[in-house]
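Accompanying notes for the structure given below.
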There are 2 protein chains.
Amino acid sequence: MRPLFHPALEDIRPEAILYALADPERAAIFAQLAGAACGRTCSALAEFGERVIPKSSLSNHFKVLRESGLIVSERQGVEMLNQTRCAELDERFPGLIKAILTAYGQFPGQLKGRTPPQ
Amino acid sequence: MRPLFHPALEDIRPEAILYALADPERAAIFAQLAGAACGRTCSALAEFGERVIPKSSLSNHFKVLRESGLIVSERQGVEMLNQTRCAELDERFPGLIKAILTAYGQFPGQLKGRTPPQ
DNA sequence: TTCCGTAGTTCAGAAATTCGGAACTATTGA
DNA sequence: TCAATAGTTCCGAATTTCTGAACTACGGAA
């Protein structure tokens with residue numbers, strides 16, 4: 001298992017962010033992470049409406065989000081804890097993440113992940 | 001030659017916009033259109049740094065931009081005049097287009113299209 | 001220490017998408 | 001009618017995406 005790669009803030013590229021969030025499943029995962037108070041595991045975000053995302057696909061989604069610079073993942077025992085890099089990102093690309101999440105937010109049917117438990 | 005399709009404003013989807021602009025070539029084309037005072041033809045935007053974009057690829061880029069709702073294309077004699085739908089889009093997805101163009105703008109090497117003649 | 005269960009990663013082949021040259025269509029002007 | 005220009009469509013090759021199956025990593029129980 002190779003160590004997880006996280007790009008430095010200055011290496012984050014806009015096209016990678018747009019690519020990562022152009023997939024509604026990934027956008028839903030990211031939106032849930034952005035809405036959660038604390039980090040969340042991969043498997044906690046495996047539902048997208050009716051569909052249960054296969055775990056290899058889910059793993060790949062997290063990899064894309066991580067390597068594009070949108071999230072940080074940290075191993076916590078058996079699980080991975082994932083968190084957004086929203087604050088950093090907003091410094092680098094002002095308004096970008098918020099505008100994207102707002103745009104998706106206008107499509108109630110679009111971000112179909114399970115509502116995070118409070 | 002089938003007639004050109006342009007989605008209605010309310011049918012424009014955020015994932016389509018992100019997908020279209022996740023490609024640096026398309027983003028460069030769009031940025032130039034956004035910066036131009038008047039509409040521009042396809043062939044006027046065929047350069048991306050060193051590379052000359054093949055015309056079938058260029059045609060496809062314009063199709064993707066058009067069908068995602070980012071531009072309108074109108075035949076003007078032999079040519080096509082292309083313009084952005086920035087104003088409309090900003091109403092629907094506030095701040096989105098500007099944030100994306102600003103993000104790309106931070107990478108001088110990224111948007112390599114030819115500078116439009118004044 | 002070994003074994004088991006859970007969480008996530010990696011691999012590999014199938015399916016889908018993208019790329020771009022060549023052929024085609026549309027329009028204008030001679 | 002013909003030639004030239006601008007852009008589109010077609011289609012095969014190359015690349016990318018998807019996902020089941022096998023694998024790795026870690027923790028807990030005995």
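First the proteins, then the strands, lettered A, B, ... as listed; each starts at 1. We use all heavy atoms of the structure for the numbers below, so side chains are in, but hydrogens, waters and symmetry mates are not.
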Neighbours of DNA chain C within residues 61-77 of chain B, by heavy-atom distance under 4.0 Å:
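When residues 61-77 of chain B is checked for heavy atoms under 4.0 Å from DNA chain C, the hits, listed by number, are B:Arg75, B:Gly77.
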
Are [X] and [Y] close enough that some pair of their side-chain heavy atoms sits under 4.5 Å apart?
{"X": "B:Leu21", "Y": "A:Glu15", "value": "no"}
{"X": "B:Ile17", "Y": "B:Leu96", "value": "yes"}
{"X": "A:Arg75", "Y": "A:Leu4", "value": "no"}
{"X": "B:Ile12", "Y": "B:Phe93", "value": "yes"}
{"X": "B:Tyr104", "Y": "A:Leu18", "value": "yes"}
{"X": "A:Arg66", "Y": "A:Phe5", "value": "no"}

So where does chain A start and stop touching DNA chain D, 5' to 3', when the test is distance under 4.0 Å to a non-hydrogen atom?
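Contacts span D:dT17 to D:dG27, reading 5' to 3'.
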
In terms of the nearest nucleotide of DNA chain C, which residue is placed more toward the 5' end: A:Val78 or A:Leu4?
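Final value for this comparison: A:Val78.
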
Nearest-nucleotide 5' precedence on DNA chain D, B:Pro3 against A:Ser57:
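It is B:Pro3 whose nearest nucleotide is closer to the 5' end.
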
Starting at the 5' end of DNA chain D and moving along, which residue's nearest nucleotide shows up first, A:Pro54 or B:Leu58?
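Going by which nucleotide is closer to the 5' end, it is B:Leu58.
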
With heavy atoms under 4.0 Å as the rule, sort B:Arg51 into base, sugar-phosphate or nothing.
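Since only primed, P, OP1 and OP2 atoms lie under 4.0 Å of B:Arg51, the category is sugar-phosphate.
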
Got a sec, which pairs hit side chain to side chain donor-acceptor pair (under 3.5 Å) with one end in residues 77-91 of chain B, sequence neighbours left out?
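Pairs touching residues 77-91 of chain B that pass the test: B:Ser73-B:Asn82, B:Arg85-B:Glu88.
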
Which residues, ordered by chain and number, are linked to B:Val78 in its hydrophobic cluster, where ILVMFWY side chains connect at heavy-atom gaps below 4.5 Å, directly or through other members?
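None; B:Val78 is a cluster of one.
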
Apart from B:Tyr19 itself, what residues make up its hydrophobic cluster, given side-chain heavy atom links below 4.5 Å?
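Via sub-4.5 Å side-chain contacts, B:Tyr19 links to B:Val64.
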
Please list, in 5' to 3' order, the outermost nucleotides of DNA chain C lying under 4.0 Å from any heavy atom of chain B.
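So the outermost contacting nucleotides come out as C:dT18 to C:dT28.
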
So, A:Arg51 and A:Glu25, do they make that salt bridge, N to O below 4.0 Å?
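Result for this pair is yes, salt bridge flagged.
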
